[in-house]
There are 2 protein chains.
Amino acid sequence: MFGSSGGSGVATFESRGSYDARINRILEVATGVIARVGYERASMRVVAKAAGTSLAGLYHYFDSKEKMLFLIQFRTFNSLLNNLKEKLHGVEDPVRQLEVMVRSHMGYFAANMAALKVCSHELDSLAGEAYEQTRAIRREYYELTRGIVERVLDAAATAPALDRHVVTMSLFGMLNWLYRWYDPKRGRSPAVVADQIVSLFLHGIGAAAAAPAA
Amino acid sequence: MFGSSGGSGVATFESRGSYDARINRILEVATGVIARVGYERASMRVVAKAAGTSLAGLYHYFDSKEKMLFLIQFRTFNSLLNNLKEKLHGVEDPVRQLEVMVRSHMGYFAANMAALKVCSHELDSLAGEAYEQTRAIRREYYELTRGIVERVLDAAATAPALDRHVVTMSLFGMLNWLYRWYDPKRGRSPAVVADQIVSLFLHGIGAAAAAPAA
DNA sequence: TGATACCGAACGAACGTTCGATCGGACAAT
DNA sequence: ATTGTCCGATCGAACGTTCGTTCGGTATCA
């Protein structure tokens, strides 16, 4: 689906051969532009200029602007998911799994802020087949996380019956909103923020239980 | 800043006179269109058609498309903020204030989903003066909420030192992400979801404390 | 008589996309 | 070693569409 380098033989996913190196570079630049001004405002002319290509030259690598966005999102979600699966390997305790999930997500976010912003903010900019395909990966990421949340929830003597979907989505809300306010260069390090989110999610703000008012 | 109805005398903020009634209706329709397809894709022609006006007729009410978006956001943030201030009146206990804040936000969200979606998703579509003005109201809403969070935090014997900004933004993350997944017609009622978010924020998922792995 | 509400038609700009041509290296035939 | 041929990579220029906005005009009503 991805490869087909120039030259003779096999081409790995990574930038082997000049074709893959070039398309990776263009996607990287395009990701930055889209993250900065949004998908609709990111014209192909601006992307071309930023990537050091001509306008028509872009269409040698993508059928259309939408396919370009699709590639960005698909690759990013794929990396995110595989990254999580890998780090989850061998971790059994549900609470530990949750820690791994949040830290992994946060780490990927800090290292690829533009890409994750595009993935969080530009979800509905795809349609049809492209939309369905990214949706499928997102779903997988969601199910994986939800499983962890459920196991933590089951192991805990949680007083109020929390809706698992609400809880999982609240966790994603905290994580997916990061791109709106978090700046790794200002404020705390990604690792610290990740730990704080884990702590908040597990134990809350730590308030005394509230009884109904008189 | 808003009023200036036709006719002779005063005009309240609400739809007194046919001018205010008309502009309110148009803004309402425009909000729906923008929420559905996004600001950039929402052409003035489509908004005009949906509002039962001609394209040129829209410009009798707005200087530009951007001003239209500004009005939508400014009014919505204003209502949201005033609504919260009002409901907070007379409530002293920090934990109670937090409950009021989340329930108030959730209630407003459920009653005005399109408007809040536009406010959450289209934050960067404004520029210059219009952007600064909406930013100022958002800041006020943030400060109000952060004050509550800090008071709850101070009153609690919270084990890990939580960063107040991180915690407040995580709360906003949960709330502002709602438009991505929550459907009042499916799943639990707004009141129940609000209570679950409050519970999650105050006490977390309710897990046993995790010690460092061996 | 004049202001308000509204409209059809057009303008200029920007957009995504396409087309035809050129350049340069790989490779088989001479 | 030279030639001829092909193909991937790249480009300038253009096409058709859609966009936000403007302009001149027409009803309506105080």
Side-chain angles (χ1 to χ4, degrees), chain A residues 2-11 15-27 29-30 33-34 36-72 122 125-128 130, chain B residues 2-11 15-27 29-30 33-34 36-72 122 125-128 130:
Chain A
F2 286 132
S4 122
S5 85
S8 50
V10 257
S15 49
R16 173 89 92 91
S18 77
Y19 177 91
D20 286 350
R22 191 94 184 93
I23 197 176
N24 285 341
R25 174 65 186 150
I26 294 178
L27 283 177
V29 168
V33 174
I34 296 176
R36 198 166 60 250
V37 304
Y39 173 69
E40 295 292 338
R41 293 177 120 107
S43 75
M44 295 298 267
R45 283 166 177 83
V46 169
V47 171
K49 191 87 71 181
T53 325
S54 70
L55 174 60
L58 281 185
Y59 286 84
H60 182 67
Y61 295 94
F62 318 109
D63 290 345
S64 67
K65 185 185 180 187
E66 195 179 355
K67 275 283 203 306
M68 187 180 78
L69 176 62
F70 168 74
L71 275 184
I72 293 173
E122 235 65 64
S125 298
L126 293 178
Chain B
F2 286 133
S4 123
S5 87
S8 51
V10 257
S15 49
R16 171 89 92 90
S18 77
Y19 177 90
D20 286 350
R22 192 94 183 92
I23 197 177
N24 284 340
R25 174 65 187 151
I26 294 177
L27 282 177
V29 168
V33 173
I34 295 175
R36 198 167 59 249
V37 305
Y39 172 70
E40 294 294 337
R41 293 177 120 105
S43 76
M44 294 298 265
R45 285 165 175 82
V46 169
V47 171
K49 192 87 71 182
T53 325
S54 72
L55 173 61
L58 280 185
Y59 287 84
H60 183 66
Y61 294 94
F62 317 109
D63 289 346
S64 66
K65 185 187 180 186
E66 194 179 356
K67 276 282 205 304
M68 187 179 78
L69 176 62
F70 169 73
L71 276 183
I72 292 173
E122 236 64 64
S125 299
L126 293 178

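These figures come from a predicted structure and were not determined experimentally. Every chain is numbered from 1, with letters handed out A, B, ... down the list of sequences.
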In residues 47-63 of chain A, what residues come within less than 4.0 Å of DNA chain C, judged by heavy atoms? L55(A), A56(A), Y59(A)
E40(B) CD - dT18(D) C1' separation (whole Å): 13 Å
Any side-chain N or O of R41(A) less than 4.0 Å from the OP1 or OP2 oxygen of dA14(C)? no
Using a 3.5 Å distance criterion without hydrogens, assess whether the side chain of E66(B) forms a donor-acceptor pair with backbone atoms of A127(B). yes
The side chain of R45(B) lies closest to which of these nucleotides: dA5(C), dG16(C), dC19(D)? dC19(D)
Can you tell me the distance, in whole Å, between the CE atom of M44(B) and the C1' atom of dA13(C)? 17 Å
Counting primed atoms plus P, OP1 and OP2 as sugar-phosphate and everything else as base, spell out the protein contacts along nucleotides 25-30 of chain D at 4.0 Å heavy-atom distance: B, S or - for each nucleotide, 5' to 3'. ------
Report the relative orientation of the aromatic rings in Y19(B) and Y61(B); use parallel for angles under 30°, tilted for 30 to 60°, perpendicular for over 60°. tilted
Before you tell me yes or no, could you show the steps for F70(A) and F62(A) under ring pair (Phe, Tyr, Trp, His ring centres under 6.0 Å), namely the whole-Å CA-CA distance, both residues' side-chain angles and the distance that decides it to 0.1 Å? CA-CA 10 Å; F70(A) 168 74; F62(A) 318 109; over 10 Å; no
Measure the spacing between CD of E40(B) and CG of L69(B) and express it to the nearest 0.5 Å. 9.5 Å
For M68(A) and M44(A): C-alpha separation, side-chain torsions, deciding distance, then whether side-chain contact (heavy atoms from CB on, under 4.5 Å) applies. CA-CA 10 Å; M68(A) 187 180 78; M44(A) 295 298 267; 4.1 Å; yes
So CD1 of I23(B) and OG of S18(B): to nearest 0.5 Å the spacing works out to 11.5 Å
Grab the CZ-C1' distance between R25(B) and dA5(C) for me, whole Å please. 18 Å
For the residue pair R22(A) / T53(A), report whether a side-chain donor-acceptor contact shorter than 3.5 Å exists. yes
Would you say K65(B)'s side chain and Y39(B)'s backbone share a donor-acceptor pair under 3.5 angstrom? yes
